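Worth saying up front: this structure is predicted, and the values here are computed from it rather than measured. Residue numbers start from 1 in every chain, and the chains themselves are labelled A, B, ... in the order their sequence lines are given, proteins ahead of strands.
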Number of protein chains: 2
Amino acid sequence: MKSGNITNGSKTAAKRRYDDACGLAHALDLIGERWALMVLRELMLGPKRFSELRSDLPGISANVLTQRLEELEQRGLLVRRKLPPPSGAQVYELTTWGYEAEPIVQTLGRWAARSPAHDTSLQISPVSILLSLRTMIDLAKVGDLDARIGFRFGDETYVGHLTADALDIVRSDPATADVIFEGIPQGIAAAVYGDVPFEALAAQNMLRVTGDLTLAKRFTTLFELPPKAF
Amino acid sequence: MKSGNITNGSKTAAKRRYDDACGLAHALDLIGERWALMVLRELMLGPKRFSELRSDLPGISANVLTQRLEELEQRGLLVRRKLPPPSGAQVYELTTWGYEAEPIVQTLGRWAARSPAHDTSLQISPVSILLSLRTMIDLAKVGDLDARIGFRFGDETYVGHLTADALDIVRSDPATADVIFEGIPQGIAAAVYGDVPFEALAAQNMLRVTGDLTLAKRFTTLFELPPKAF
DNA sequence: CGGCATCCGGGAAGATACTG
DNA sequence: CAGTATCTTCCCGGATGCCG
């Protein structure tokens with residue numbers, strides 16, 4: 001019914017973008033699609049393979065994950081990399097610029113924590129809870145503490161290095177950490193944000209703490225959620 | 001037709017949400033829809049009416065704007081308010097919690113400014129450019145400066161209060177400001193980020209500067225875009 | 001004119017099945 | 001395990017039209 005095709009090159013090429021020079025608009029053009037920021041979040045503590053991403057992002061479908069990974073790679077936020085033999089598996093790893101998106105994840109998360117509608121009973125991934133610790137830590141309470149905190153969620157293990165300046169978290173073996181938290185992400189959440197005692201969590205098979213228990217207890221006091229907005 | 005229609009109650013209860021306790025996921029459930037953050041941005045410096053939003057968000061359809069405003073109101077991010085007579089016009093105004101989303105807009109904007117694909121030649125709204133000034137100001141360069149900077153973009157006028165602590169910007173009459181920038185948003189961008197001299201901008205009808213020209217020149221040196229990521 | 005409902009076309013997202 | 005292929009559903013964008 002439209003007489004003549006539009007033939008406006010700039011318009012046919014234009015998919016669903018905000019035609020706006022504003023930085024926010026451009027950011028949304030880059031990472032505003034559904035699932036894009038969630039994918040970045042899952043890669044924020046280190047490379048992952050396709051199947052790990054799929055299982056840590058409940059609800060994403062394979063084709064959408066494929067598409068997001070392609071777009072994010074093309075835009076320079078992540079790269080595909082082959083692990084050295086014998087593994088040889090392909091993983092997705094953030095670029096430097098991709099890692100620089102962590103403040104975005106933190107700012108959004110901290111803001112949303114004030115939402116009265118926030119349902120903390122839902123599923124949460126290992127990376128999510130660890131990033132929330134990085135976000136919600138009150139460095140003033142750390143003092144001169146310097147400790148290595150291990151986390152074990154099934155196969156996924158992480159080690160956090162707590163200093164006066166920051167809580168660094170990398171994916172590595174927690175065997176030599178000062179204290180090890182082992183269980184499910186909700187167990188960490190309950191201990192840190194819900195002040196649930198370790199014994200109760202152990203009884204529910206949510207969390208097991210080994211190593212320096214005094215340090216563990218102290219660790220759980222370093223974090224605080226912001227108050228609800230209303 | 002409306003009566004007795006399917007209502008899809010069985011499955012539609014869960015729309016298109018991330019079923020995830022992560023703060024990021026909840027944030028995206030609240031403001032992750034298309035145009036939502038752009039609407040928040042436009043309201044960030046004060047209430048606006050429907051038609052103002054529509055004209056400052058080129059590309060949004062009335063349909064979608066209505067829907068976003070409803071959702072954001074229902075979620076507690078903005079309220080509808082009637083201006084006192086004689087205007088009596090209805091405006092949309094952010095709640096306290098809504099204004100607290102400014103760090104989100106800033107973080108996304110600052111991050112995207114590093115993108116090599118960022119096209120600064122596109123249209124930009126008054127609120128966008130003013131928020132970018134708040135984002136990109138280098139307070140260390142302000143020293144003990146204390147000045148009132150006026151901005152006039154057609155009908156929309158703003159006054160920025162520059163102090164050592166912050167650049168506050170509110171929508172008000174710039175008549176008494178120390179210096180007034182008048183023109184189009186791109187004119188401000190060219191002067192501040194492109195170091196284009198005032199004379200050149202005046203010749204192109206992009207910007208006219210009145211008042212304390214020394215202050216104006218100094219003002220344009222306070223802002224710096226981050227380097228490109230690659 | 002401002003605000004909102006409705007219809008329609010296109011395209012992105014979701015679900016499932018399938019393949020190397 | 002790491003993705004395709006296909007089909008369906010739903011959201012977005014544009015146009016029209018109602019109503020205060």
Using only side-chain N and O atoms of B:Y18, determine if any of them is under 4.0 Å from OP1 or OP2 of C:dA13.
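Result: no.
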Taking only Lys NZ, Arg NE, NH1 and NH2, and the carboxylate oxygens of Asp or Glu, determine whether [X] and [Y] approach each other closer than 4.0 Å.
{"X": "A:K48", "Y": "A:E156", "result": "yes"}
{"X": "A:R16", "Y": "A:D29", "result": "no"}
{"X": "B:E102", "Y": "B:R41", "result": "no"}
{"X": "A:E52", "Y": "A:R171", "result": "yes"}
{"X": "A:E93", "Y": "A:R80", "result": "no"}

Cationic tip of B:R152 within the cone over B:Y158's six-membered ring, i.e. under 6.0 Å and within 45° of the normal?
no
Would you mind reading off the distance between [X] atom [atom1] and [N] atom [atom2], rounded to a whole angstrom?
{"X": "B:L57", "N": "C:dG3", "atom1": "CG", "atom2": "P", "result": "14 Å"}
{"X": "A:L65", "N": "C:dA15", "atom1": "CG", "atom2": "P", "result": "14 Å"}
{"X": "A:Q90", "N": "C:dG20", "atom1": "CD", "atom2": "C1'", "result": "14 Å"}
{"X": "B:K48", "N": "C:dG2", "atom1": "NZ", "atom2": "C1'", "result": "17 Å"}
{"X": "B:N63", "N": "D:dC18", "atom1": "CG", "atom2": "P", "result": "17 Å"}
{"X": "B:L69", "N": "C:dG3", "atom1": "CG", "atom2": "C1'", "result": "10 Å"}
{"X": "B:K82", "N": "C:dG2", "atom1": "NZ", "atom2": "C1'", "result": "10 Å"}
{"X": "A:R17", "N": "C:dG11", "atom1": "CZ", "atom2": "C1'", "result": "15 Å"}

Taking any heavy-atom pair under 4.0 Å as a contact, classify [X]: base, sugar-phosphate, or nothing.
{"X": "A:E71", "result": "nothing"}
{"X": "B:R54", "result": "nothing"}
{"X": "A:T66", "result": "base"}

Listed nucleotide nearest any side-chain atom of [X], set [options]:
{"X": "A:R68", "options": "C:dA13, D:dA2, C:dG2", "value": "C:dA13"}
{"X": "B:R16", "options": "C:dG2, D:dC12, D:dC11", "value": "D:dC11"}
{"X": "B:F50", "options": "C:dG2, C:dG14, D:dC1", "value": "C:dG2"}

Parallel, tilted or perpendicular: rings of A:F219 and A:F223 (30°, 60°):
perpendicular
Going by number, which of residues 32-47 of chain A have a non-hydrogen atom under 4.0 Å from DNA chain D?
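Nothing qualifies; none.
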